[in-house]
Amino acid sequence: QVQLVEHGGGLVQPGGSLRLSCAASGSRFRAYALGWYRQAPGQQRELVAEITFSGRTNYADSVKGRFTVSRDNAKNTVDLQMNSLKPEDTAVYYCTADSGGALMPDYWGQGTQVTVSS
């Protein structure tokens with residue numbers, strides 16, 4: 001069982017920055033890809049960014065150049081640095097752990113609200 005706990009959500013103005021952090025605990029998660037999904041009001045959940053144990057990354061086109069995902073394998077954490085935030089980035093953001101054996105991540109955090117508004 002893997003537990004994921006997010007921190008760092010909040011209210012920011014358009015053009016601002018925010019950093020989300022996620023701490024992982026449990027067994028057999030080190031080889032998992034870690035990442036972030038989000039769900040905006042009235043929308044489906046979508047992949048924002050993911051990173052493998054070796055450091056390979058993948059981003060949604062809508063966040064490329066603005067968001068950066070990173071992980072610290074020694075600390076068992078994954079972060080999402082969000083810059084140049086837009087109102088359309090408003091969503092609940094979920095930390096995820098993915099073994100690659102299914103279409104969706106195996107484990108999900110509780111979610112943290114990010115609101116971008118003036």
Side-chain angles (χ1 to χ4, degrees):
Q1 186 71 30
V2 175
Q3 292 181 325
L4 303 166
V5 180
E6 304 100 331
H7 296 283
L11 174 65
V12 296
Q13 293 186 337
S17 297
L18 198 64
R19 188 176 185 90
L20 305 182
S21 298
C22 174
S25 62
S27 60
R28 295 181 293 276
F29 63 85
R30 287 181 58 83
Y32 284 38
L34 301 177
W36 299 86
Y37 276 65
R38 69 185 181 186
Q39 185 168 24
Q43 304 295 318
Q44 299 296 313
R45 289 189 185 184
E46 63 174 351
L47 174 69
V48 178
E50 62 182 358
I51 182 168
T52 68
F53 181 82
S54 61
R56 297 192 306 275
T57 58
N58 185 42
Y59 296 93
D61 288 341
S62 60
V63 307
K64 285 182 179 177
R66 300 189 298 121
F67 291 10
T68 302
V69 64
S70 61
R71 68 188 288 171
D72 187 330
N73 292 328
K75 297 180 179 179
N76 299 321
T77 59
V78 58
D79 293 348
L80 184 68
Q81 178 65 47
M82 303 184 292
N83 299 325
S84 301
L85 283 162
K86 305 174 180 179
E88 50 263 45
D89 294 318
T90 295
V92 176
Y93 284 70
Y94 297 89
C95 181
T96 62
D98 193 347
S99 69
L103 293 177
M104 298 294 288
D106 300 89
Y107 300 98
W108 298 76
Q110 80 282 2
T112 186
Q113 177 70 47
V114 173
T115 302
V116 184
S117 176
S118 60

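With rounding to the nearest 0.5 Å, the separation of CG in D89 from CZ in R38 is 5.0 Å. Atom CG of L80 sits about 11.5 Å away from atom OG1 of T112, to the nearest 0.5 Å.
Between D98 and M104, the shortest heavy-atom distance links the atoms OD1-O, 4.1 Å. Across every non-hydrogen atom of L4 and A24, the tightest pair is CD2-CB, 3.6 Å. Across every non-hydrogen atom of R71 and A33, the tightest pair is NH1-CA, 4.0 Å. Across Y94 and E6, no two heavy atoms sit closer than the pair CA-OE2, 3.3 Å. Across all their heavy atoms, V2 and A97 have their closest contact at CG1-CB, 4.5 Å. For the pair T90 and P41, the tightest heavy-atom approach, listed with the atom from each and the gap, is O-CD, 4.1 Å.
Using a 4.5 Å cut-off between side-chain heavy atoms of Ile, Leu, Val, Met, Phe, Trp and Tyr, with links allowed through other members, L85 and V92 fall into different hydrophobic clusters. L20 and L34 fall within a single hydrophobic cluster, where Ile, Leu, Val, Met, Phe, Trp and Tyr side chains are chained together by heavy-atom contacts under 4.5 Å.
Side-chain polar atoms of S117 and T115 form no donor-acceptor pair below 3.5 angstrom.
Under the ring-ring contact (aromatic ring centres under 6.0 Å, His included) criterion, the residue pairs touching residues 34-74 are Y37-W108, with sequence neighbours excluded. Among pairs with a residue in residues 47-78, none fulfils disulfide bond (SG atoms under 2.5 Å apart), at least two apart in sequence or across chains.
With sequence neighbours left out, the salt bridge (Lys or Arg N to Asp or Glu O under 4.0 Å) criterion links K64 to D61. Taking R19 as the reference, D79 meet the salt bridge (Lys or Arg N to Asp or Glu O under 4.0 Å) condition, with sequence neighbours excluded. Legend: residues meeting salt bridge (Lys or Arg N to Asp or Glu O under 4.0 Å) with E88, ordered by chain and number and at least two apart, are absent. Residues forming a salt bridge (Lys or Arg N to Asp or Glu O under 4.0 Å) with D72 (at least two apart in sequence, or on another chain): none.
Counting heavy atoms of neighbouring residues, nucleotides and ligands inside a 6.0 Å radius, atom CD of Q113 exceeds 12 of them.
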query = Are S21 and T77 close enough, and set up right, to give a side chain to side chain contact (heavy atoms under 4.5 Å, CB included), and what steps lead you there?
reply = CA-CA 7 Å; S21 298; T77 59; over 6 Å; no
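With Q81 contributing its side chain and T68 its backbone, the two residues share no donor-acceptor pair below 3.5 Å. The backbone N or O of G26 lies less than 3.5 Å from no partner atom in the side chain of Q3, so there is not a single donor-acceptor pair.
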